[in-house]
Colleague: 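Got a structure here, written out as structure tokens. Questions coming.
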Amino acid sequence: MSKAVLTRYNITVTASVPEPLTIAHVSDLHERVADDILAMLRRAKPDFIVVTGDTFERYDNRPQYDFERRPIKRLIINIIHYTNYILTKFQRDKHKAKTENAYEFLMRAAKIAPVYLSLGNHEQKLLDVDYLFLKDCGITLLDNASQEIEYKGCRILLGGISTWDYEDFIEDYRRQKGMKLLLCHNPQFYADHLTDSDIALTLSGHTHGGQIRIGKKGRGFFVPGQGLFGKYAHGSFFNGKLIVSAGCANTVMCPRLFNPRELVVLHLKGKDYGKI
């Protein structure tokens with residue numbers, strides 16, 4: 001498993017933030033062991049933790065790209081998917097996806113700081129036992145839902161968009177007032193639909209950093225939902241309003257190259273903080 005890194009961003013918003021906030025961003029755990037991510041979480045001492053999808057494996061084994069209409073590209077994607085599926089059967093047991101890994105990670109994270117979790121494309125439908133686990137751990141699930149939270153005197157309208165049936169939620173969320181922080185698994189959705197919104201900050205994952213980063217700017221080779229050399233594979237976009245994590249786990253047999261697993265920590269402050 002590749003070494004994980006911690007990436008920090010300093011984010012300035014126009015809303016009132018009496019004291020700077022530290023927010024930890026976890027994405028794409030995929031039921032893997034990530035003890036190094038947990039160690040970094042403890043050292044970061046966040047005010048709260050957000051998890052932006054694909055924590056659990058709750059889907060069948062068909063490719064997630066059936067919507068792709070171009071036959072050649074669809075064929076390539078399916079070949080990659082099924083080849084990887086066969087090769088993962090030969091993984092060592094400790095590297096395989098197991099629900100208890102996700103449970104252990106979330107349970108330990110919730111002891112560090114409050115946890116807010118949204119869903120990704122690998123979580124088509126959580127199981128009853130998942131809902132019970134989240135409730136018992138005090139983890140807030142934001143599945144096409146929002147909740148006003150307050151830390152250090154800063155009020156945030158925290159929203160979590162699902163990758164399924166999100167239209168009504170996002171329309172209602174955009175109408176609401178307040179400083180908005182959106183958990184949105186797929187960054188392409190923000191790029192396509194939300195750049196003209198008043199959402200202060202959107203956090204995403206899904207891309208796994210493009211798996212292989214190429215060139216000085218580190219463009220991802222293959223970016224889910226964006227194709228070859230997709231633009232929004234990793235980093236900060238739209239003047240810091242969209243932050244994309246490279247993800248916390250390795251999930252395919254193809255190794256990451258120049259693309260370490262990642263924990264994102266954001267230091268959020270208001271525009272006028274520190275001014276007399």
Side-chain angles (χ1 to χ4, degrees), residues 8-27 44 46-53 55 109-110 113-121 123 126 131 134-135 138-206 232 235-245 264-276:
R8 297 182 184 272
Y9 294 94
N10 293 312
I11 303 294
T12 301
V13 296
T14 57
S16 174
V17 183
E19 294 184 56
L21 293 174
T22 299
I23 305 167
H25 173 205
V26 172
S27 191
D47 293 296
F48 61 95
I49 300 166
V50 296
V51 183
T52 57
T55 308
V115 176
Y116 302 88
L117 180 145
S118 65
L119 302 181
N121 58 297
E123 295 154 323
L126 295 187
Y131 290 111
L134 295 175
K135 182 179 179 180
I139 295 171
T140 302
L141 174 63
L142 296 172
D143 182 16
N144 284 333
S146 63
Q147 178 175 317
E148 187 174 68
I149 62 175
E150 183 173 347
Y151 291 92
K152 296 180 178 178
C154 177
R155 292 186 176 183
I156 298 173
L157 185 62
L158 183 62
I161 183 172
S162 176
T163 48
W164 320 97
D165 302 323
Y166 50 73
E167 290 84 358
D168 290 343
F169 163 72
I170 202 65
E171 183 177 340
D172 179 69
Y173 186 69
R174 291 186 63 159
R175 286 198 299 263
Q176 296 185 58
K177 303 297 182 182
M179 187 179 81
K180 300 171 188 172
L181 194 167
L182 179 65
L183 311 182
C184 177
H185 182 67
N186 189 341
Q188 190 64 46
F189 181 86
Y190 179 90
D192 290 343
H193 303 291
L194 298 176
T195 56
D196 63 343
S197 71
D198 64 348
I199 297 172
L201 178 63
T202 297
L203 302 178
S204 297
H206 184 56
Y232 309 109
S236 174
F237 304 94
F238 301 103
N239 296 317
K241 289 189 173 183
L242 172 66
I243 303 294
V244 184
S245 168
V264 170
V265 173
L266 305 116
H267 301 285
L268 186 72
K269 66 179 182 178
K271 188 174 183 180
D272 296 328
Y273 179 77
K275 292 185 178 180
I276 299 176

Colleague: Can you tell me if S204 and H185 form a side-chain donor-acceptor pair at under 3.5 Å?
Modeller: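 Absent: no donor and acceptor within the cut-off.
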
Colleague: What verdict does the side-chain contact (heavy atoms from CB on, under 4.5 Å) test give for S146 and F169, after you've listed the backbone C-alpha separation in whole Å, the side-chain angles of each residue and the deciding distance to 0.1 Å?
Modeller: CA-CA 9 Å; S146 63; F169 163 72; 4.2 Å; yes

Colleague: Write down the atom of A44, the atom of T22, and the distance for their closest heavy-atom approach.
Modeller: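 Distance-wise, the nearest heavy atoms are O-CG2, 4.0 Å.
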
Colleague: Check whether any side-chain heavy atom of F237 lies under 4.5 Å from a side-chain heavy atom of V244, and answer yes or no.
Modeller: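 Answer yes - side chains close enough.
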
Colleague: Is the closest side-chain heavy-atom distance between I49 and V26 below 4.5 Å?
Modeller: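 The answer is yes; the side chains approach within 4.5 Å.
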
Colleague: Is there a side-chain contact between L117 and T140 in this structure, where contact means two heavy atoms from C-beta onward sitting under 4.5 Å apart?
Modeller: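 Counting from C-beta outward, L117 and T140 never come under 4.5 Å.
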
Colleague: Of all heavy-atom pairs between H206 and P187, which one has the smallest distance, and what is that distance?
Modeller: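 Scanning both residues, the minimum pair turns out to be CB-CD, 4.1 Å.
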
Colleague: Would you call the rings of Y166 and F189 parallel, tilted or perpendicular if under 30° counts as parallel and over 60° as perpendicular?
Modeller: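 It falls in the perpendicular class, over 60°.
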
Colleague: Determine, step by step, whether Y116 and Q147 satisfy the side-chain contact (heavy atoms from CB on, under 4.5 Å) criterion, reporting the C-alpha distance in whole Å, the side-chain angles of both residues, the deciding distance to 0.1 Å, and the verdict.
Modeller: CA-CA 10 Å; Y116 302 88; Q147 178 175 317; 4.2 Å; yes

Colleague: In Å and rounded to the nearest 0.5 Å, what is the CG to OH distance from L141 to Y131?
Modeller: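 Separation between the atoms: 6.5 Å.
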
Colleague: Check whether any side-chain heavy atom of N144 sits under 4.5 Å from a side-chain heavy atom of I161, and report yes or no.
Modeller: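 In short, these two side chains touch, coming nearer than 4.5 Å.
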
Colleague: Could you tell me whether the side chain of V51 reaches within less than 4.5 Å of the side chain of V115, counting heavy atoms only?
Modeller: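 When only atoms from C-beta onward are counted, V51 and V115 do touch, with a gap below 4.5 Å.
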
Colleague: State, to 0.1 Å, how close L201 and G240 come at their nearest heavy-atom pair, and which atoms those are.
Modeller: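 Between these two residues, the closest heavy atoms are CD1-O, 3.4 Å.
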
Colleague: Looking only at heavy atoms, what is the nearest atom pair of V13 and A200, with distance?
Modeller: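 Nearest pair, atom of V13 first, then A200: CG1-CB, 4.1 Å.
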
Colleague: Excluding sequence neighbours, so at least two apart, what forms side-chain hydrogen bond (donor to acceptor under 3.5 Å, both in side chains) with K180?
Modeller: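 D198.
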
Colleague: Would you say the side chain of T12 lies within less than 4.5 Å of the side chain of V17, judging by non-hydrogen atoms?
Modeller: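 Not touching, per the 4.5 Å side-chain cut-off.
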
Colleague: How many angstroms lie between NZ in K241 and CG in L194, if you round to the nearest 0.5 Å?
Modeller: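 Rounded to the nearest 0.5 Å, the NZ-CG separation comes to 11.0 Å.
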
Colleague: Looking only at non-hydrogen atoms, find the nearest pair between D47 and P114 and report the distance.
Modeller: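 D47 and P114 have their closest heavy atoms at O-CD, 3.5 Å.
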
Colleague: Tell me, do I23 and V50 make a side-chain contact under 4.5 Å, heavy atoms counted?
Modeller: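 I23 reaches V50 side chain to side chain.
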
Colleague: Between H25 and V265, is a side-chain contact (heavy atoms from CB on, under 4.5 Å) present by the stated rule, with each step listed?
Modeller: CA-CA 6 Å; H25 173 205; V265 173; over 6 Å; no

Colleague: Would you confirm whether E123, through its side chain, and T55, through its main-chain N or O, come within 3.5 Å as a donor-acceptor pair?
Modeller: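 Confirmed, E123 side chain pairs with T55 backbone.
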
Colleague: Can you tell me how far apart CG (L203) and OG1 (T52) are? Round to the nearest 0.5 Å.
Modeller: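 Rounded to the nearest 0.5 Å, the CG-OG1 separation comes to 7.0 Å.
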
Colleague: Tell me if the aromatic rings of Y232 and Y190 count as close, with their centers under 6.0 Å from one another.
Modeller: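 Between Y232 and Y190, the centre distance exceeds or equals 6.0 Å.
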
Colleague: Step through the shown structure and confirm whether more than 12 heavy atoms of other residues, nucleotides or ligands are within 6.0 Å of NZ on K135.
Modeller: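 No, because the 6.0 Å sphere around NZ of K135 holds 12 heavy atoms or fewer from other groups.
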
Colleague: Answer yes or no: does atom CG of D168 have more than 12 heavy-atom neighbours from other residues, nucleotides or ligands under 6.0 Å?
Modeller: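 Incorrect, the count does not exceed 12.
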
Colleague: Will you find, in the side chains of S27 and S245, an N or O donor that is under 3.5 Å from an N or O acceptor?
Modeller: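 Their side chains do not contain a donor-acceptor pair, so the 3.5 Å distance test is not met.
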
Colleague: Is the closest side-chain heavy-atom distance between I156 and M179 below 4.5 Å?
Modeller: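 Sidechains of M179 and I156: in contact.
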
Colleague: Decide if atom CG of N239 counts as having more than 12 heavy atoms of other residues, nucleotides or ligands within a radius under 6.0 Å.
Modeller: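 No.
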
Colleague: Give, for atom CD1 of I149 and atom CG of L181, the distance between the pair rounded to the nearest 0.5 Å.
Modeller: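 I149 atom CD1 to L181 atom CG measures 7.5 Å (nearest 0.5 Å).
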
Colleague: Enter the distance from C184:SG to I199:CD1 here, rounded to the nearest 0.5 Å.
Modeller: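 Between C184 SG and I199 CD1, I get 8.0 Å after rounding to 0.5 Å.
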
Colleague: Would you give the length of the straight line joining atom CD of Q176 to atom CD of E171, rounded to the nearest 0.5 angstrom?
Modeller: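 Q176 atom CD to E171 atom CD measures 12.0 Å (nearest 0.5 Å).
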
Colleague: Give the minimum heavy-atom separation between L157 and Y173, together with the two atoms involved.
Modeller: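 Looks like O-OH, 2.8 Å.
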
